2 protein chains.
Amino acid sequence: MHKEHNLTKNQKIIFDLIDKSSQPLKAYSILYNVKKKGIKAPLQVYRALDKLVEIGKIHKIESRNAFIACHNSSCQVAKATAFSICEICEKVTEISSAGLSKYLANFKDKDGMKYSKYNLEFFGLCKKCTLK
Amino acid sequence: MHKEHNLTKNQKIIFDLIDKSSQPLKAYSILYNVKKKGIKAPLQVYRALDKLVEIGKIHKIESRNAFIACHNSSCQVAKATAFSICEICEKVTEISSAGLSKYLANFKDKDGMKYSKYNLEFFGLCKKCTLK
DNA sequence: TACATAATGTTATATTATAACAATAACTAA
DNA sequence: TTAGTTATTGTTATAATATAACATTATGTA
Ligand SMILES: [Zn+2]
Ligand SMILES: [Zn+2]
Ligand SMILES: [Zn+2]
Ligand SMILES: [Zn+2]
């Protein structure tokens, strides 16, 4: 579960925008959309994004350079993330699978090395796009 | 196993550089290093990189915007990739685990959706950095 | 209060990646 | 082999993503 963080003004403005969005948002699209709220420079956006990622309120979709709000109450503050990405419509969904996260959290490589963090991105077609 | 692709001049120059490197290389660092071979513009690098990724000779490390040669004979032409990344020294290793790839290839989400492709990046400390 | 820490505002710049178009090279099918 | 096709290259310009540096303001805490 997410610890309650008291978001600052900029963080709140940017989180609300991402949270309301049905798809991941890119930094400069966020910037464009919050100009009317007084956020004028890329750095203001990136600083808020960094913080929001750090506290686990949002995640970065690395392959898309885009940000999505976390709706997965069991996800361990950005330490273990998994997403499905539709290659046609770009719909992104956070995967919440106890089996998967257990498997990955316990995964050891040949050297027996354990990892503190992972990010997994699956690609395919979403339901809608499969039917087309 | 990698199908033999006849690389073009630029593709070969750039693949050789990445293949010889012990760590992932970034596009503009590649550009800098192949200037003496007549490759002068970013696009020439990006085009070669795109092709090399497409045919599975290299992979992109998404979280680092960097490229690494594939040394994993069982990896299915860029459709199923897994890496470990050291958060201190940035050493990247391609993970070759039959168990892992089987697990992920067969993973189905709640909707029973299967995926054609995935990329997994683990983060932690490599052996060297753990001992420090 | 006074000090430390975090967040903000602002300008400039670095880094990563693609658009657009012309010219060659390589492949394919009469 | 030759015309047509596709892939690759060269080149210039520009778009998109992200950070450096520094001054200022707000917040938390002793
Ligand atoms: Zn999450
Ligand atoms: Zn779709
Ligand atoms: Zn590989
Ligand atoms: Zn290391």
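The sequence lines fix the lettering, A, B, ..., with proteins before strands; numbering per chain opens at 1. The structure presented is a predicted model; accordingly, all values stated were derived computationally and were not measured.
Between the C1' atom of dT11(D) and the CD1 atom of I39(B) lies a distance of 14 Å, rounded to the nearest Å. In this structure, I30(B) atom CD1 and dA17(C) atom P are separated by 10 Å, rounded to whole Å. Between the CD atom of E62(A) and the P atom of dT17(D) there is a distance of 13 Å, rounded to whole Å. One interatomic measurement links the two molecules: CD of Q11(B) to P of dA25(C), which rounds to 16 Å at whole-angstrom precision. Note: CG (N6(A)) to C1' (dT5(C)) measures 16 Å, nearest angstrom. Between the CG atom of L31(B) and the C1' atom of dG10(D) there is a distance of 13 Å, given to the nearest Å. One interatomic measurement links the two molecules: NZ of K51(A) to P of dA6(C), which rounds to 7 Å at whole-angstrom precision. Per the geometry, OH belonging to Y32(B) stands 16 Å off P belonging to dA14(C), to the nearest Å.
The residue among N65(B) and R47(A) whose nearest nucleotide of DNA chain D is located toward the 5' end is N65(B). If you find the closest nucleotide of DNA chain C to Y28(A) and to L43(A), the one lying nearer the 5' end belongs to L43(A). Nearest-nucleotide mapping onto DNA chain D: of P42(B) and G38(B), the residue sitting toward the 5' end is G38(B).
Ion pairing of E121(B) with K117(A) is absent here, as no side-chain N (NZ or NE/NH1/NH2) approaches a carboxylate O to less than 4.0 Å. Ion pairing between K20(A) and D16(A) fails under the 4.0 Å rule for side-chain N and carboxylate O.
Taking 4.0 angstrom as the limit, K26(A) places none of its side-chain polar atoms (N or O) nearer than this to OP1 or OP2 of dA16(D). Put simply, Y46(A) has no side-chain N or O that comes within less than 4.0 Å of OP1 or OP2 on dT19(D). Taking 4.0 angstrom as the limit, T8(A) places a side-chain polar atom (N or O) nearer than this to OP1 or OP2 of dT8(C). Proximity of Q44(A) to the phosphate of dT8(C): no side-chain N or O atom is located under 4.0 Å from OP1 or OP2. Residue K40(B) places no side-chain N or O under 4.0 Å from the OP1 or OP2 atom of dG10(D). Between K12(A) and dA7(C) there is no side-chain polar atom (N or O) within less than 4.0 angstrom of OP1 or OP2. In this structure, K9(A) does not reach the dT25(D) phosphate: none of its side-chain N or O atoms is under 4.0 Å from OP1 or OP2.
Each of dG10(D), dG9(C), dA18(D) was ranked by its minimum atom distance to the side chain of N10(B); first place goes to dG10(D).
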message = Test side chain to side chain contact (heavy atoms under 4.5 Å, CB included) on E90(B) and Q23(B); report intermediate values, then the result.
response = CA-CA 8 Å; E90(B) 293 291 323; Q23(B) 79 268 56; over 6 Å; no
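Side-chain contact between L104(B) and L100(A) is present, with heavy atoms from C-beta onward closer than 4.5 Å.
Within the 3.5 Å criterion, the main-chain N or O of S97(B) finds a donor-acceptor partner in the side chain of S101(B).
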